[in-house]
Amino acid sequence: MFQHIKCGSPTLNIRGSDKRQLSQLSLTAVLNMDDLKRELGPCEDLEDGNDSSDDNSSKRGKRPKLPLVSLMSVETPKESGFHQSTRICLEKIREALLHHRWQEAAEYMACYTQTLEYPTNETHQQYKELVWRVSTEILHHHPNSTMEDYNNIYERMKHSGVRHYLMICLEHSFHLLLNGHIEDAKLQLSAAESWRHGKESATQDQRTKLIQAYRSLLDYIIWCDKKFTHSNTDYPDSGDNQDMQNYFRQASVNLKEILKNPGVWDPFILSYVEMLEFYEHHEEAEKVLNDYAYDNNFPPNPNAHVYLYQYLKRHDTSQRKLMKVLKILHVLVPSHELMLEYSSLLLQSEKESDIQKALGVVLEMLDFACWRSNLDVWKRLKAIIQKLQLQEDWKNVVFEKMAARKDWWPALHFTSFHASKDSDENPELMEVKASLTKTLCPDKMLKYTAEQGTSGEET
């Protein structure tokens, strides 16, 4: 798109534009004010900075106490005609983007790409990244953009420099994948995977591993397609099964290596486990999930424990093992929906301490407003208290659990407003809650009653 738009000489004749009320911004991450200050400010860094005097240095060192808006159109003595044109052009691009005038932004962008041809300087890489980010953003929103336009801009940006090569390849593959070109996306990642430039840095190594991981994820996606075809064929071909095996092996090579690099790798781990489970490699699948959940080198990740619990539950693991997993999840996310299953497992136990734990788990769920009107949680609380009442000191247990809640729980659950709302929307919920008021708050005069529910009085 941009390469087909004709532009004038480097010194542009910029036309004015009417002021409009800003609509919702879609480019807050693309053109933040720091980027604009760097790109649109005085272009002193574009020239040789060795001849700067002490006066200039002292002037640059002074900063206003307030972050005043600078005039972006002021020409500086050292600013050449080309620098002035590109700076003003970027202003117009920014204005067009903020007002969602995508055709106008594309026309200005065709001229701004001249910065890629300018001799290398300190900010050259910044210009390249800005052209890459803004160009793709315009294409995402322009009504007439095509896949050829995307391919052209991505290929041009890849070969304009090496600093962002790997990330541009990754983004290009994402766009191809979203448009159904899975094989083309894989080719992009395969090419990036083998790409090397100069002495390999730590950053380059990390990005290469990320490329390898996503390439393996595409192998998994192709494997899923072949599995679907294989399972829906009355007379499956042995060659299809061999293809599945090949893609499984290709994906496994890098997916297995992921656990050696601490991070959050949820979709990659799930893909690997699904393939291992399909081929009945259950011990290896459980080991992968255990390492992902319990390796201290990885950041705390509640999803890792959820995936492990779901896998163990699918394979009929013992209740004690399931409770061990949910116990850690409870510490990380006490409001998680699986806490209802955790309380159920504790309630089935014969230990008195487990019944008391179940009470604490459900009360902590109800500390969060998202569970306030959930009938299943309140029913579970009632069932726990009924079983707890078989113990001699049950009142002390309830008192201890409610001691820190007695001052604010009534306002969260047991006002006349809640009574009126529950009476209208869920009478069964109101019945369950009303039966627990005296047990949970014996020393409070609560207004959560049937009379308050029908009258609709406010506290």
Side-chain angles (χ1 to χ4, degrees), residues 1-4 30 109 113 115-117 120 124-140 145-226 242-261 263 265-272 275:
M1 176 180 291
F2 304 120
Q3 66 272 21
H4 299 309
V30 178
M109 198 67 211
T113 53
T115 57
L116 297 178
E117 310 302 329
T120 303
H124 195 53
Q125 289 295 340
Q126 295 174 1
Y127 282 123
K128 291 178 180 178
E129 183 173 5
L130 188 140
V131 171
W132 163 34
R133 299 294 186 186
V134 177
S135 298
T136 53
E137 188 70 22
I138 293 173
L139 289 177
H140 286 329
S145 62
T146 64
M147 180 61 69
E148 182 182 359
D149 295 324
Y150 279 98
N151 291 337
N152 287 336
I153 192 63
Y154 279 125
E155 291 301 325
R156 183 176 183 184
M157 296 312 302
K158 286 177 195 175
H159 296 97
S160 66
V162 297
R163 180 175 176 181
H164 303 294
Y165 182 87
L166 291 176
M167 300 311 294
I168 293 174
C169 286
L170 185 58
E171 185 178 302
H172 192 186
S173 68
F174 285 163
H175 185 75
L176 291 169
L177 181 61
L178 289 173
N179 287 273
H181 302 281
I182 298 178
E183 292 291 348
D184 291 339
K186 184 181 175 182
L187 288 175
Q188 286 289 333
L189 294 180
S190 297
E193 187 177 357
S194 59
W195 179 85
R196 295 293 184 273
H197 175 74
K199 185 177 180 180
E200 190 169 358
S201 62
T203 302
Q204 183 177 328
D205 181 61
Q206 291 176 354
R207 290 178 177 177
T208 302
K209 290 178 180 177
L210 188 64
I211 293 288
Q212 292 170 343
Y214 275 106
R215 198 266 300 158
S216 298
L217 195 62
L218 290 183
D219 286 330
Y220 160 76
I221 293 174
I222 298 173
W223 177 86
C224 287
D225 290 339
K226 292 188 176 296
Q242 184 61 41
D243 284 344
M244 287 178 60
Q245 289 277 0
N246 291 336
Y247 280 107
F248 165 65
R249 284 193 292 269
Q250 291 174 22
S252 299
V253 171
N254 290 319
L255 293 177
K256 188 184 297 185
E257 295 293 314
I258 284 179
L259 285 175
K260 297 179 181 179
N261 303 282
W265 301 99
D266 291 357
F268 306 94
I269 295 295
L270 288 177
S271 303
Y272 187 35
M275 291 188 291

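Values in this document were obtained by computation on a predicted structure and should not be read as measured data.
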If you take all heavy atoms of S173 and A185, which pair is closest and at what distance?
O-CB, 3.4 Å
Drop me the distance from K209's NZ to N261's CG, to the nearest 0.5 angstrom.
4.0 Å
Over 60° means perpendicular and under 30° means parallel, so tell me whether W265 and F268 are parallel, tilted or perpendicular.
perpendicular
Please work out which of the three classes, parallel, tilted or perpendicular, describes the rings of Y154 and H172, given edges at 30° and 60°.
parallel
Distance col, row H181:NE2 vs L187:CG, nearest 0.5 angstrom, shows 12.5 Å
Mind checking whether Q188 and H175 have side chains closer than 4.5 Å, heavy atoms only?
no
So, does S135 use its side chain to make a donor-acceptor pair with the main chain of W132 at under 3.5 Å?
no
I'd like to check N254 versus L217 (side-chain heavy atoms, cut-off strictly below 4.5 Å). Are they in contact?
no
Non-hydrogen side-chain atoms of R249 and Q245 separated by less than 4.5 Å
yes
Mind checking side chain to side chain donor-acceptor pair (under 3.5 Å) for Q212 and listing every partner two or more places apart, or none if nothing turns up?
none
Is the closest side-chain heavy-atom distance between N152 and R156 below 4.5 Å?
no
Closest heavy-atom pair, S252 versus Y272, reported as atoms and distance to 0.1 Å, is OG-CE1, 3.6 Å
Grab the two heavy atoms, one from D243 and one from K226, that are nearest each other, plus how far apart they are.
CB-CD, 3.8 Å
Minimum heavy-atom distance L259-I269, with the two atoms named:
CD2-CD1, 4.0 Å
Report yes or no: does Y220 contribute a side-chain atom to a donor-acceptor pair with the main-chain N or O of A251 at less than 3.5 Å?
no
Residue pair L176 / K186, side-chain heavy-atom distance below 4.5 Å:
no
So does L218 get a backbone contact from the side chain of Y247, meaning a donor-acceptor N/O pair under 3.5 Å?
no
Interatomic distance, CZ@R215 vs CD1@I211, rounded to 0.5 Å, equals 11.0 Å
In terms of heavy-atom contacts, E171 and T136 come closest through OE2-CG2, 3.6 Å
Approximate separation, where rounding is to 0.5 Å, of L189 CG and D184 CG:
11.0 Å
What's the spacing between D225 CG and M244 CE if we round to 0.5 Å?
10.5 Å
side-chain contact (heavy atoms from CB on, under 4.5 Å) evaluation trace for H164 with M157:
CA-CA 8 Å; H164 303 294; M157 296 312 302; over 6 Å; no
Can you tell whether the side chains of K158 and E155 come within less than 4.0 Å, N to carboxylate O?
yes
Can you tell me if S216 and D219 form a side-chain donor-acceptor pair at under 3.5 Å?
no
